[in-house]
Amino acid sequence: MWRVNPQKAALLVIDMQNDFVLEGHPMEVPMARRRIPRMQEAVDECRAAGIPVIYTEHILLDTFNVSPLESTYNPALLVAGMRKGSFGSQVIDDLKPRPGDTVIRKHRYDAFHNTRLETVLATVSGPRQVDTVIIIGTLTEVCCDSTARGAYMRDYKVAFIGDATGALSDEAQTATEMNIGTFFGRALSTGELVAEIRDGRKGQEE
């Protein structure tokens, strides 16, 4: 079984936007809010190891319905949530991107679909250097899961950080982690991720 190599990894912070996280906002995910400390720990460890940090923002438009099936299944999105340029569409202050980070704007659950993510991963650490994506964020069972599968289909190793992703229910969280860990990658805790990154850095220094 492979381990996370910090020289070959990139961190994906999926959709930790105000509308998904803050209390009372249209797509509120309480579990994502509770797990911010673990997400911060993952981000901090990756930054310290020189692992690129890439954020996604799920964006909807007022000018036309850019994600018609999404709004069919959740009609509330026809009038509110993740609107381009709005406060709700921005990444929460607790995980704010820094200068030099990459922000990928998407209109579908899978962050690879019709975005520049694949190009960024192919070049952010030098040509074809990244072979592993670390996934944190929300929703565990929707955009995190879809992006993990998209990465797997493109031959990226997937490190899915269970206690740094947030679902709508414990049952959905458990089922997604089981599916990812069985078929699409590895389901790790933040502590396990940190240990592997530090082991990898130690090995590089020796």
Side-chain angles (χ1 to χ4, degrees), residues 4 6 9-60 74 77 80-83 86-106 109-111 117 132-148 151 158-178 180-181 185-198:
V4 175
L11 175 66
L12 304 184
V13 184
I14 304 295
D15 295 359
M16 285 298 290
Q17 299 159 261
N18 292 314
D19 275 346
F20 279 111
V21 180
L22 298 187
E23 188 171 358
H25 278 242
M27 298 296 291
E28 180 186 357
V29 184
M31 188 187 294
R33 187 166 58 247
R34 294 195 301 270
R35 293 185 169 188
I36 290 172
R38 298 286 75 76
M39 297 183 201
Q40 290 173 318
E41 184 179 356
V43 170
D44 289 346
E45 189 64 32
C46 287
R47 290 194 193 284
I51 295 172
V53 181
I54 301 169
Y55 292 81
T56 70
E57 293 178 350
H58 194 69
I59 300 296
L60 301 178
N74 188 354
L77 293 176
M82 293 90 70
R83 287 313 195 266
S86 69
F87 170 78
S89 71
Q90 298 170 11
V91 175
I92 60 171
D93 286 342
D94 287 335
L95 291 168
K96 209 71 171 174
R98 294 182 182 178
D101 293 338
T102 301
V103 178
I104 302 290
R105 293 179 175 87
K106 64 186 181 68
Y109 299 147
D110 179 359
L117 177 57
T132 302
V133 294
I134 303 163
I135 293 179
I136 66 174
T138 198
L139 270 163
T140 300
E141 67 271 40
V142 185
C143 292
C144 295
D145 176 88
S146 297
T147 300
V158 174
F160 197 91
I161 313 307
D163 60 356
T165 56
L168 287 177
S169 69
D170 291 335
E171 293 80 6
Q173 183 73 35
T174 299
T176 303
E177 289 182 38
M178 182 177 296
I180 295 295
R186 296 178 62 207
L188 305 175
S189 67
T190 303
E192 290 169 332
L193 172 68
V194 168
E196 293 195 12
I197 290 173
R198 291 182 180 178

Check: Given D94 and M16, is the side-chain contact (heavy atoms from CB on, under 4.5 Å) satisfied, shown in steps?
Finding: CA-CA 10 Å; D94 287 335; M16 285 298 290; over 6 Å; no

Looking only at heavy atoms, the pair that brings D170 and M31 closest together is OD1-CE, 3.4 Å

Q. Under the 3.5 angstrom rule, does the side chain of R35 hit a backbone N or O of G162 as a donor-acceptor pair?
A. yes

Using side-chain heavy atoms (C-beta onward) and a distance below 4.5 Å, is S86 in contact with S89? yes

Looking at side-chain heavy atoms only, is the closest gap between E57 and I104 below 4.5 Å? no

Is the closest side-chain heavy-atom distance between I14 and T147 below 4.5 Å?
yes

What one should report as the nearest heavy-atom pair of Q17 and I59 is NE2-CD1, 4.3 Å

*asked:* For the residue pair T138 / D15, report whether a side-chain donor-acceptor contact shorter than 3.5 Å exists.
replied: no

ask   = Is any NZ, NE, NH1 or NH2 atom of the basic residue among K96 and D93 found under 4.0 Å from an Asp or Glu carboxylate oxygen of the other?
value = yes

Decide whether D163 and T190 meet the rule of one side-chain donor and one side-chain acceptor closer than 3.5 Å. yes

Next item on the list: Report yes or no: do H25 and D19 form a side-chain donor-acceptor pair below 3.5 Å?
Entry: yes

CE (M27) and CG (L22) are apart, to the nearest 0.5 Å, by 14.0 Å

In terms of heavy-atom contacts, A49 and I197 come closest through CB-CG2, 3.5 Å

Worksheet entry | Close side-chain approach of H58 and R105, heavy atoms under 4.5 Å | no

Classify the side-chain pair Q173/T140 by whether it contains a donor and acceptor separated by less than 3.5 Å. yes

(message) Assess the residue pair C46 and I134 against the criterion (side-chain contact (heavy atoms from CB on, under 4.5 Å)); give the C-alpha distance rounded to whole Å, side-chain angles, the decisive distance to 0.1 Å, and a yes or no.
(response) CA-CA 9 Å; C46 287; I134 303 163; 4.0 Å; yes

Side-chain donor/acceptor of E28 to backbone N/O of F20, under 3.5 Å:
no

With side-chain contact (heavy atoms from CB on, under 4.5 Å) as the test, would you mind laying out the steps for I54 and D101 before giving the verdict?
CA-CA 6 Å; I54 301 169; D101 293 338; over 6 Å; no

Quiz item: Between the side chain of K106 and the main-chain N/O of T56, is any donor-acceptor distance below 3.5 Å?
Solution: no

inquiry  = Would the distance check show the side chain of E177 and the main-chain N or O of T174 forming a donor-acceptor pair, the cut-off being under 3.5 Å?
reply    = no

Smallest heavy-atom separation, S189 atom then I161 atom, equals C-CG2, 3.8 Å

### Query
Backbone N or O of L60 within a donor-acceptor pair of the R83 side chain at under 3.5 Å?
no

query = Below 4.5 Å, heavy atoms only, C-beta onward: do T165 and F160 meet side chain to side chain?
reply = yes

Here the pair of heavy atoms bringing V29 nearest to A167 is CG1-O, 3.4 Å

Between C144 and G137, the two heavy atoms sitting closest are SG-C, 3.5 Å

Carboxylate-amine/guanidinium proximity below 4.0 Å for E192 and R186:
no

| message | So M39 and V13, do their side chains get closer than 4.5 Å, heavy atoms only? | response | no

* To do: Could you check if a side-chain atom of M82 sits within less than 4.5 angstrom of a side-chain atom of L77, using non-hydrogen atoms only?
  => yes

